[in-house]
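So that the names make sense, note that chain A is the first sequence line, chain B the second, and so on, each numbered from 1. Here the structure is a predicted model, which is why all the values come from computation and not from measurement. FYI, side chains are in, hydrogens and waters are out, and symmetry mates aren't considered; it's all heavy atoms of this structure.
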Amino acid sequence: MVITRFAPSPTGYLHLGNARTAIFSYLFARHHKGKFILRIEDTDRERSTKEFEDMLIEDLKWLGLEWDEFYRQSERFEIYKEYAQKLIESGHAYPCFCTLEELEEERKKAEERGVPYRYSGKCRVLSREEVEVLKRENKPYTIRFKVPDNTMVVFEDLIKGHIAINTDDFGDFVIVRSDGTPTYNFVVVVDDALMGVTHVIRGEDHIPNTPKQILIYEALGFKVPAFVHLPVILGEDRSKLSKRHGAVSVRNYREEGYLPEALFNYLCLLGWSSPEEGREIYSKEEFIKIFRLEDINSSPAIFNKEKLKWLNGVYIREVVSLERLVDEFIPFLQKAGYEADREYVRRVLQSTRDSFETLKEGVDRLKPFFVEEVSYSEEAISVLENETSRIVLEAFLQRIEDIDLTQEKVKEIAKEIQKELKIKAKDIWHALRASLTGKLEGVGVDILCSILPKERIKKRILRALQLYS
RNA sequence: GCCCCCAUCGUCUAGCCAGGUCCAGGACACCGCCCUUUCAAGGCGGAGAUCGCGGGUUCGAAUCCCGCUGGGGGUGCCA
C-alpha cells in the first residue's frame with residue numbers, strides 16, 4: 001500500500017509551496033487508494049507554536065485535504081530517544097562535547113582556507129572513559145551520527161532521476177541537540193519508517209538531506225522509501241517564493257477572496273500538466289483519478305498571480321454551484337459591513353457572477369446592491385448636473401411607478417424615453433447609472449434595477465435629483 | 001568556495017525517455033476587432049520561442065552525447 005505524508009513545521013502560515021507539496025502527496029496517496037498522513041514537525045520548540053499548528057490544519061482542511069492519521073513529533077520524544085540510544089549502542093552515533101563556539105571557530109577556519117566545512121570529528125575518537133568523565137562533569141553534549149568517509153550515497157528520485165552524493169560533502173551531523181531534543185534529519189527517518197511511509201514527497205530543498213537520511217535508515221535497519229523531490233515555487237524574480245514576494249500563504253489568498261478549489265487547481269498546474277493535453281480545469285476527484293508523478297515537471301515554476309486570478313474567475317462564474325458561491329460570498333459581505341438575506345444575495349450573484357474574479361472584487365463591484373445610499377464620483381456628479389440627466393431621471397421615476405421592474409422592462413422604458421424625449425440612449429443609461437451606483441462603470445443598470453427593491457431605486461434617484469440638479 | 005538540481009513564447013506548460021508528422025501546440029498576460037448602457041465577462045483574430053550558448057552524433061536534433069553559461073537550492077545543536 002502507498003503511504004505518503006505531509007510534514008510541516010508549525011512556524012508560520014501554510015506557504016503556497018508547502019500547500020502544493022501537501023496536495024501532490026495527497027493526490028498520489030488517494031490515486032493509489034493509499035494512506036495520507038499529517039505529521040506536525042515541532043521538534044524545534046523555539047520556533048513552533050500551537051497557534052500556527054491550528055492555522056496549518058485549518059488551511060489544509062480549507063483546501064480540501066483530509067488525512068487518515070495525525071501525529072505530533074513533540075509527543076514522540078520517547079520513541080526518538082530510544083532510537084538514538086540504539087544508534088549509539090550499534091556504534092553509529094556518538095556524544096559530541098564541542099561547544100557552539102568551538103564549532104564556529106572550525107567553520108571560520110575552513111572558510112579562511114577556502115575548503116568546504118565539515119565537522120572535524122574531534123569527539124568521534126573520544127574513549128568511553130573520556131566520555132564518562134565529561135558526562136560526570138555535566139558537560140552538555142549533542143549526539144552525532146557517524147558518517148562513513150568518502151562513500152557515495154545513491155538514490156533514484158522519482159522526479160529528478162539518479163542522484164549521487166558523496167558523504168565527504170557533509171560529515172558527522174547532529175541528531176540530538178544538547179537540550180535532548182532530536183533534530184529533523186533523525187526524527188524524519190524514525191517517523192517515516194515507523195509510520196510505513198512508502199513515498200517521501202517533499203520540496204527539492206531537501207535533496208541534500210536525503211543522503212543523511214538514507215544513512216540513518218540503513219544504520220537502523222529500516223527499508224529505504226522512494227523519494228520524490230518536487231521543484232520549488234519561485235517568485236517573479238526567480239528566487240524561492242518568500243514573504244518578500246508579497247502574499248505567499250494560503251491564508252492570504254483565502255482572505256483575498258479566492259475559492260479553495262481554484263487555489264487547489266492552480267497549485268496543481270504549477271509543475272504538473274495533464275496527460276489530456278490542453279485541459280486545465282479539474283475537480284479534486286478528477287485530479288485524484290489522473291494524477292501521476294510522471295507528469296510532474298522537473299524544473300522550478302514561477303508563481304503567477306494573474307493566472308490564479310483568472311482561474312478563480314472561472315470557478316466563480318462557471319465551476320462552483322450558485323449555492324456554494326453564495327455561501328462563500330456572504331462572509332465577505334459581512335466583513336465589508338453589508339447585510340442582506342441569503343435569497344437576495346443569491347439573486348444578485350445569479351446575474352452577476354460572471355463579472356468578477358475574486359470575492360473581494362465582487363463585494364466591491366456589487367456594492368450598489370447592498371448599500372443604502374451610494375457616494376458619487378466626480379464623473380458621476382458631472383453627469384448628474386446635466387439638464388438631460390434631470391429630465392431622464394424624472395421621466396424614469398414616473399414610468400416605474402406601477403411596474404414590476406425586470407431587465408426587459410427597464411430596457412423598454414429606456415427606449416420609450418429615448419423615443420419620446422429624443423434623448424440619446426447613452427445619456428439615459430449614464431444618468432441612471434450615475435444616480436443608482438454613483439459611478440460611471442460597473443454592473444448593468446438593468447440588472448441592478450431588476451433586483452434592487454423599488455423603494456431604494458426611487459430613493460436613490462430622488463436623492464441624486466435633490467443633490468445635483 | 002564546495003555539493004546538488006534545473007534550462008521550450010514575458011509566465012505556466014505540451015513535445016524530449018522510444019530523433020523526422022514541430023519553420024514548435026495550448027493556457028495566462030498583451031494587442032486588435034465584435035458584442036454592448038459603462039466596466040468587466042464572453043466571441044473572434046493577432047503578435048510573441050532561430051527550443052540558453054557552443055560543439056559533436058545523424059541523411060535529419062527541441063529531442064541523443066560533451067563542454068560552457070545562466071538560474072535555483074543546499075552548505076545549522078532550522079525544517
Side-chain angles (χ1 to χ4, degrees), chain A residues 7-11 18 41-44 46-48 96 98-100 103-104 107 110-111 113-118 140-144 157 159-161 163-166 168-171 173-179 181-185 187-188 202-211 229 231-232 234 236 238-240 266 269-275 277-280 294-295 297-311 313 317-318 352-357 361 365 410-411 414 424-434 437 439-446:
Chain A
S9 36
T11 56
N18 287 139
E41 308 229 319
D42 53 354
T43 55
D44 182 353
E46 297 276 305
R47 302 195 304 146
S48 305
C96 168
C98 293
T99 64
L100 255 24
L103 295 172
E104 192 48 47
R107 227 184 305 267
E111 203 167 312
R113 287 192 303 160
V115 295
Y117 170 72
R118 282 168 48 197
Y141 64 94
T142 61
I143 296 174
R144 279 182 190 271
D157 188 276
I159 290 178
K160 306 282 185 183
I163 296 179
I165 294 174
N166 193 301
D168 282 354
D169 294 334
F170 46 92
F173 56 93
V174 173
I175 59 172
V176 178
R177 285 180 269 258
S178 54
D179 66 0
T181 60
T183 64
Y184 165 74
N185 277 121
V187 292
V188 76
R202 65 209 338 182
E204 72 177 331
D205 42 337
H206 282 293
I207 289 179
N209 288 325
T210 307
H229 287 100
V232 290
L234 271 25
E236 301 283 350
R238 299 205 152 269
S239 66
K240 199 170 159 188
Y266 177 71
L269 257 29
L270 275 185
W272 174 89
S273 66
S274 165
E277 219 182 302
R279 187 171 167 196
E280 318 197 274
E294 303 91 276
D295 297 321
N297 197 299
S298 61
S299 58
I302 293 175
F303 178 74
N304 183 213
K305 197 172 172 178
E306 288 297 324
K307 184 147 185 177
L308 201 211
K309 201 157 172 258
W310 165 78
L311 222 153
R317 60 182 177 266
E318 56 193 57
T352 60
R353 64 188 289 187
D354 60 0
S355 65
F356 54 91
E357 291 185 316
E361 270 182 15
R365 184 177 171 87
V410 172
K411 284 183 196 163
K424 280 188 284 183
K426 201 165 198 163
D427 292 333
I428 296 169
W429 293 113
H430 259 70
L432 289 173
R433 174 178 305 286
T437 73
K439 284 183 184 171
L440 258 32
E441 83 269 309
V443 285
V445 170
D446 53 337

Sugar-phosphate, base or nothing in reach of A:K426, heavy atoms under 4.0 Å: nothing
Touch class at under 4.0 angstrom, heavy-atom based, for A:R365 against every strand present: base
Touch class at under 4.0 angstrom, heavy-atom based, for A:S355 against every strand present: base
Sugar-phosphate, base or nothing in reach of A:T11, heavy atoms under 4.0 Å: nothing
Sugar-phosphate only, base, or nothing, as touched by A:L440 at under 4.0 Å among non-hydrogen atoms: base
Sequence-distant partners of A:F173, ring pair (Phe, Tyr, Trp, His ring centres under 6.0 Å), two or more places apart: A:F145
Counterpart residues, side-chain contact (heavy atoms from CB on, under 4.5 Å), relative to A:K309 (two or more places apart): A:Y258, A:E357, A:T358, A:E361
Pair of N/O donor and acceptor under 3.5 Å linking B:A79 base with A:N209 side chain: yes
Nearest-angstrom distance, C1' atom, B:C31 to B:G73: 38 Å
Partner nucleotide of B:C2 by Watson-Crick or wobble geometry (both distances under 3.5 Å): B:G74
Interatomic distance where CZ belongs to A:R433 and P belongs to B:U36 [whole Å]: 16 Å
Nearest-nucleotide pick for A:S178, side chain only, options being B:C3, B:C77, B:C5: B:C77
Identity of whatever pairs with B:A7 - Watson-Crick or G-U, under 3.5 angstrom: B:U69
